[in-house]
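Structure, as structure tokens:
First listed ligand is number 1; within each ligand, the first listed atom is number 1.
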Amino acid sequence: MTDKQEIASPTDSELPDLVVVGAGLFGLTIAQQAAENDHTVRVIDARPHIGGNAYSYFDKQTGIEIHQYGAHLFHTSDERVWAYANRFTRFTGYVHHVYATHDGEVYPLPVNLGTINQFFHAHYSPAQAAELIKKQSQEGAGEQGAEPKNLEEQGIRLIGRPLFEAFVKNYTAKQWQTDTKDLPASIIRRLPVRLTYDNRYFSDTHEGLPADGYTAWMARMIDDPKICLTLGADFFDTTQPWNKQALVGRVPVVYTGPVDRYFDYSLGQLTWRTVEFTEHRYHEQDHFGTAVMNFVDADVPYTRSIEFKNFNPERKKIAQEPETVVWDEYSRFAGKEDEPYYPVNTPDDKRLFARYTDLEKDEPRVVFGGRLGNYAYLNMDQTIASALDTFTDCVLPLL
Ligand code: FAD
Ligand code: UDP
């Protein structure tokens with residue numbers, strides 16, 4: 001860019017009260033709240049659709065709902081978030097279960113009494129299984145009484161070394177390509193371990209999938225004349241009017257893209273994982289008999305397979321058709337051109353992120369949020385909760 005006049009820019013009269021960069025759940029919640037408080041909003045997204053990573057579409061050939069950026073299951077114990085989400089969609093009664101193929105056998109996950117007894121060819125009671133895990137977690141689980149320092153210590157503490165090596169070590173190596181000693185314990189803290197035969201994947205009070213799909217849910221959130229949407233607009237592209245140079249300082253901005261990108265990677269790049277999918281179509285009514293099959297051994301290069309139609313058994317006609325779509329999920333480090341999906345969060349990343357947070361303070365009327373802006377793994381319910389709080393605490397005072 002050589003000439004300042006080349007930067008496209010909205011006129012003062014075209015400026016809304018608030019610009020939101022990113023039409024994911026964070027940005028849409030902020031926009032919805034602003035409109036509800038009688039403010040005008042412009043939401044932009046670089047992608048050609050709303051919804052961020054929770055976006056889904058209906059496959060033309062089969063009618064199956066495909067979650068384009070990986071399987072998304074809504075679950076929450078936060079009553080405020082549940083009530084908020086229910087304003088815009090009804091949820092199905094879907095309850096998530098995951099199975100894992102290990103050494104030629106299929107086991108239920110998360111690790112529960114069924115997994116333990118199948119693995120050890122035993123019939124342990126809950127107390128016996130607890131005793132066994134205690135014994136098997138004596139080495140490698142870190143200092144007793146202290147917080148586990150990393151994912152490995154956390155994993156061994158939760159399920160003992162043999163189960164950790166069977167179900168976590170290789171899967172995690174495929175998913176993160178980072179030593180389990182350098183990964184934060186928090187990655188698997190959210191996986192429950194149960195000494196009963198209950199193999200619900202989540203333990204939250206509420207769970208389900210949006211009855212008419214994710215995108216319909218999120219479209220209803222911004223169905224308000226005070227909200228304007230511009231898709232296919234990158235905030236850093238100065239040839240389109242809703243760009244950083246034209247807006248920052250003139251109007252409050254909520255930015256939900258990657259924080260290091262915002263500062264042009266001036267302090268360095270945060271590390272992210274990205275995922276890729278390969279699609280298979282089978283002329284079968286049901287390929288796996290479940291929606292998610294994890295492959296926890298090193299010899300299968302992908303982490304898991306998703307059979308989308310099994311998320312929606314209530315769509316009976318589609319469920320009975322002799323066609324199914326399966327996506328195998330591969331994980332790798334993200335380059336600058338890739339979609340950043342999972343923050344790796346090594347100690348170096350944490351230090352770098354803290355330095356970016358210092359830079360944020362000097363940005364006039366810019367609020368950073370969402371999983372990319374906060375460099376944090378946030379589930380959808382946490383994203384909504386964080387957006388509702390951010391709106392009240394940081395955005396509303398700017399409007
Ligand atoms: P995003 O959804 O990433 O939205 C950010 C938006 O900003 C994107 O649309 C992006 O295009 C846009 N953007 C970025 N940069 C720019 C720019 N320069 N200009 C314009 N637009 C820009 N959560 C659950 O609760 N349950 C699950 O089962 C679940 N599964 C997941 C599976 C995967 C593979 C992943 C990656 C995440 C999963 N999540 C799940 C988390 C969920 O996706 C997030 O909580 C949610 O998407 C966060 O919303 P967000 O708005 O912060 O970010
Ligand atoms: N995990 C594992 N084996 C499994 C499933 C999960 O080791 O079969 C670990 C892995 O480190 C993963 C983390 O648990 O990154 C969280 O898994 P979850 O399925 O909750 O996360 P998702 O990848 O769906 O975000």
Side-chain angles (χ1 to χ4, degrees), residues 20-30 43-55 67-76 81 96 98-102 107 109-111 115 151-152 154-155 158-159 163-164 166-176 178 180 183 186-192 201-202 204 207 209 214 218 230-237 240 242-244 254-259 261-262 272-275 277 292-296 303-304 306 311 329 331 339-343 369-374 376-384 386-387:
V20 175
V21 181
L25 266 175
F26 192 94
L28 297 181
T29 304
I30 295 281
V43 179
I44 71 157
D45 203 295
R47 293 173 174 170
H49 57 72
I50 62 159
N53 279 3
Y55 166 77
H67 306 180
Q68 175 159 326
Y69 302 93
H72 274 68
L73 296 314
F74 190 76
H75 54 99
T76 190
V81 168
H96 194 39
V98 175
Y99 290 84
T101 299
H102 165 62
Y107 293 84
L109 284 183
V111 170
T115 325
L151 187 149
E152 182 157 319
Q154 176 71 35
L158 282 173
I159 54 178
L163 289 161
F164 173 79
F167 293 102
V168 177
K169 202 175 163 106
N170 294 318
Y171 185 97
T172 302
K174 287 194 279 187
Q175 168 105 354
W176 296 94
T178 300
T180 43
L183 287 169
S186 56
I187 292 178
I188 54 167
R189 201 171 282 146
R190 58 205 171 87
L191 275 187
Y201 201 64
F202 304 119
D204 281 314
E207 181 172 354
L209 294 171
Y214 276 99
M218 292 185 278
T230 305
L231 294 173
D234 187 323
F235 190 52
F236 303 103
D237 173 5
Q240 63 81 25
W242 305 101
N243 67 75
K244 181 181 171 190
V254 172
Y255 174 80
T256 75
V259 58
R261 172 70 187 92
Y262 183 94
W272 289 89
R273 306 288 300 162
T274 193
V275 289
F277 302 96
V292 176
M293 178 64 74
N294 286 4
F295 291 90
V296 295
T303 49
R304 57 189 168 192
I306 304 160
F311 285 131
E329 183 173 323
S331 171
E339 290 291 348
Y341 278 16
Y342 295 99
R371 55 178 205 97
L372 300 165
N374 284 329
Y377 186 95
L378 298 175
N379 277 324
M380 289 181 279
D381 63 326
Q382 297 168 312
T383 301
I384 294 172
S386 158

Under 4.0 Å from ligand 2, counting heavy atoms only, is it the side chain of [X], its backbone, both or neither?
X: Trp176; answer: side chain
X: Val168; answer: both
X: Leu183; answer: neither
X: Tyr201; answer: side chain

- Query: Just distances here: any N/O of Tyr171 and N/O of ligand 2 closer than 3.5 Å?
  - Reply: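 No, since none of the N or O atoms of Tyr171 sits under 3.5 Å from an N or O of ligand 2.
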- Task: May I ask you to check if ligand 2 and Leu109 share an N or O to N or O distance below 3.5 Å?
- Result: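 Looking only at distances, the answer is no, because the N/O contact criterion of under 3.5 Å is not met.
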Would you mind running through ligand 2 and noting each atom that sits below 4.0 Å from a heavy atom of [X]?
X: Ile188; result: 9 (C), 11 (O), 13 (C), 14 (O)
X: Val296; result: 8 (O)
X: Ile187; result: 11 (O), 13 (C), 15 (O), 16 (C)
X: Arg304; result: 19 (O), 22 (P), 23 (O), 24 (O)
X: Tyr342; result: 22 (P), 23 (O), 25 (O)
X: Gln175; result: 15 (O), 23 (O)

Cation-pi check, [X] to [Y]: give yes when NZ or CZ is under 6.0 Å from the six-membered ring centre and within 45° of the ring axis, no otherwise.
X: Lys244; Y: Tyr262; answer: yes
X: Arg261; Y: Phe236; answer: yes
X: Arg304; Y: Tyr171; answer: no

I'd like to know if the side chain of [X] reaches the main chain of [Y], judged simply by a donor and an acceptor atom lying under 3.5 Å from each other, with no hydrogens or angles considered.
X: Thr274; Y: Tyr341; answer: no
X: Gln240; Y: Asp234; answer: yes
X: Lys174; Y: Phe295; answer: yes

- Asn53 side chain reached by His72 side chain, heavy atoms, under 4.5 Å: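 Contact flag for His72/Asn53 side chains = yes.
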- Where do Thr180 and Thr172 come nearest, in terms of heavy atoms and distance?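 Nearest pair, atom of Thr180 first, then Thr172: CG2-CG2, 3.8 Å.
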- List the atom of Val292, the atom of His96, and the distance in Å for their closest heavy-atom pair. CG2-CE1, 3.6 Å
Are [Y] and [X] an aromatic pair, judged by ring center distance below 6.0 Å?
X: Tyr107; Y: Tyr99; value: no
X: Tyr55; Y: Tyr214; value: no
X: His75; Y: Tyr201; value: no

- Note on the structure: Counting only non-hydrogen atoms and a 4.0 Å cut-off, the residues near ligand 1 are Val21, Gly22, Gly24, Leu25, Phe26, Asp45, Ala46, Arg47, Gly52, Asn53, Tyr69, Ala71, His72, Leu73, Ala233, Asp234, Phe235, Phe236, Thr256, Gly257, Pro258, Tyr341, Tyr342, Gly370, Arg371, Leu372, Tyr377, Leu378, Asn379, Met380, Thr383
